[in-house]
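What follows is one structure encoded as structure tokens, with my remarks underneath.
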2 protein chains.
Amino acid sequence: MRSKKDYMEQHKVKEMVERIGIVCDKDGMPPLAGRMVGFFMLAEPPHKTFDELAEFLQASKSAISTTLRFLEGQGMVEYITFPGDRKRYFRLSVDSWDKVVMGKMDFLKMMHARVSEALQARSNDYPEFNMGLKAMMCLYEIFLEGLPKMIDLWQKKVQDLKDEQ
Amino acid sequence: MRSKKDYMEQHKVKEMVERIGIVCDKDGMPPLAGRMVGFFMLAEPPHKTFDELAEFLQASKSAISTTLRFLEGQGMVEYITFPGDRKRYFRLSVDSWDKVVMGKMDFLKMMHARVSEALQARSNDYPEFNMGLKAMMCLYEIFLEGLPKMIDLWQKKVQDLKDEQ
DNA sequence: TTTTTAGTTCTGCAATAAAAGAACCAAAAA
DNA sequence: TTTTTGGTTCTTTTATTGCAGAACTAAAAA
């Protein structure tokens with residue numbers, strides 16, 4: 001007996017990887033990046049070499065390299081090394097999702113700035129519409145304030161989860 | 001004197017429309033959709049006809065039609081009509097941004113489901129990594145709970161804003 | 001009834017993005 | 001020193017997207 005729960009069969013894995021890939025796709029990720037995330041979520045052990053990635057994902061070295069660097073940039077992937085082993089072992093950077101969220105905040109900040117400018121450029125001839133834009137800014141402000149709070153809450157909860165183990 | 005604040009000159013408007021367009025682009029919107037949002041933010045009056053959109057944005061009727069329907073689908077654009085006038089007047093749907101946010105929540109729900117499945121598919125051989133996935137799910141749960149709360153808060157604040165006018 | 005208006009839908013092309021392949025490079029091994 | 005390993009970078013090919021143009025439609029106007 002390998003362990004309490006046996007690792008699922010290969011073709012089921014491929015199926016799930018595709019499904020995860022599609023969801024990531026919808027968030028604007030390139031297809032291979034989505035699949036790679038999917039593979040990392042299911043991979044056992046959770047760290048994989050460059051070549052293992054290329055083989056499982058059936059993709060070229062260049063595509064793997066580019067995609068790894070893309071995901072690294074987003075804070076979603078990192079690598080570890082082992083003494084006396086030249087290879088890098090890549091894996092999902094499971095506890096730096098806050099970095100990913102912070103990245104999304106940059107967009108909120110930009111949008112907020114643009115709406116603010118738009119409002120300043122407008123006349124007072126259409127106060128009701130202007131109020132709508134103010135409301136929009138208000139929503140961005142609430143998010144910009146709320147997201148870091150949610151991250152804090154998350155970190156506490158994660159700590160609790162780890163403690164109770 | 002037209003009003004307290006005069007409406008800005010045309011070429012400044014075009015400049016700002018492009019800038020807003022770029023930010024929208026970064027959120028994954030097609031270029032014309034981003035520009036259209038920009039134009040709607042600055043337009044006076046804030047409602048524009050199909051032809052006015054086509055002319056200002058220098059785009060074909062088909063592109064305008066497609067883009068309008070895309071933005072309508074997202075809950076970002078709506079149209080009004082006037083008695084005895086066949087035309088539709090399109091405008092930014094400024095107070096249904098909650099719908100846009102709810103749309104983003106669908107993605108969070110999907111991702112949460114996929115991670116949950118992944119976790120169930122995994123063995124117990126790598127508990128630390130599994131814990132990382134649990135933490136990830138936890139983050140999604142916090143967002144799924146927090147976003148509606150933020151929307152509520154927003155609606156209250158918007159009411160206050162309107163009242164104090 | 002025919003014509004015009006206000007759009008929509010379908011087809012095809014141009015621009016962009018994703019991935020492949022080959023050339024390349026630095027560190028380690030032989 | 002040469003070769004192999006573990007990648008990266010540059011160029012080319014392929015797939016996808018975004019938009020234009022023309023054909024179309026339903027309602028209103030003439």
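So you know, we letter chains A, B, ... as the sequences are listed, proteins then strands, and number each from 1.
Mapping Thr67(A) and Gly84(A) onto DNA chain C by nearest heavy atom places Thr67(A) at the nucleotide closer to the 5' end. Nearer the 5' end of DNA chain C, as judged by each residue's closest nucleotide, is the contact made by Asp85(B), out of Arg35(A) and Asp85(B).
Note that CE of Met150(A) and CG of Leu139(B) are 7.5 Å apart. Values are rounded to the nearest 0.5 Å. Here OH of Tyr140(B) is found 10.5 Å from CH2 of Trp154(A). Values are rounded to the nearest 0.5 Å.
Residues of residues 16-32 of chain A that place a heavy atom closer than 4.0 Å to DNA chain C, in numerical order, are Pro30(A), Pro31(A), Leu32(A). Interface residues of residues 50-59 of chain A facing DNA chain D, ordered by number: Phe50(A); criterion, heavy-atom separation under 4.0 Å.
Look at CZ on Phe90(A): it is 6 Å from P on dT8(D), rounded to the nearest Å.
In this structure Arg91(A) satisfies the salt bridge (Lys or Arg N to Asp or Glu O under 4.0 Å) test together with Glu78(A), sequence neighbours excluded. Looking at residues two or more places apart in sequence or on another chain, you find a side-chain hydrogen bond (donor to acceptor under 3.5 Å, both in side chains) between Tyr89(B) and Asp85(B).
For His47(B) and Tyr126(A), the ring centers are positioned 6.0 Å apart or more.
A salt bridge between Lys149(A) and Glu145(A) is present, with a side-chain N of the basic residue lying under 4.0 Å from a carboxylate O of the acidic one. The existence of a salt bridge linking Arg35(B) and Asp25(B) is excluded, since no basic side-chain nitrogen approaches an acidic carboxylate oxygen closer than 4.0 Å. Comment: Arg19(B) engages Glu117(A) in a salt bridge, judged by a side-chain N to carboxylate O separation of less than 4.0 angstrom.
Annotation for Ile22(A): hydrophobic cluster partners, listed by chain and number, are none (ILVMFWY side-chain heavy atoms under 4.5 Å, direct or chained).
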Where along nucleotides 21-28 of chain C does protein come under 4.0 Å, by heavy atom, of base (B) or sugar-phosphate alone (S), with - for untouched nucleotides? B-----BS
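When the nucleotides dT9(C), dA6(C), dG7(D) are ranked by their closest atom to the side chain of Lys87(B), dA6(C) comes out on top.
Ile142(A) is connected to Met105(B) through a chain of hydrophobic side-chain contacts under 4.5 Å among Ile, Leu, Val, Met, Phe, Trp and Tyr, so both are in one cluster.
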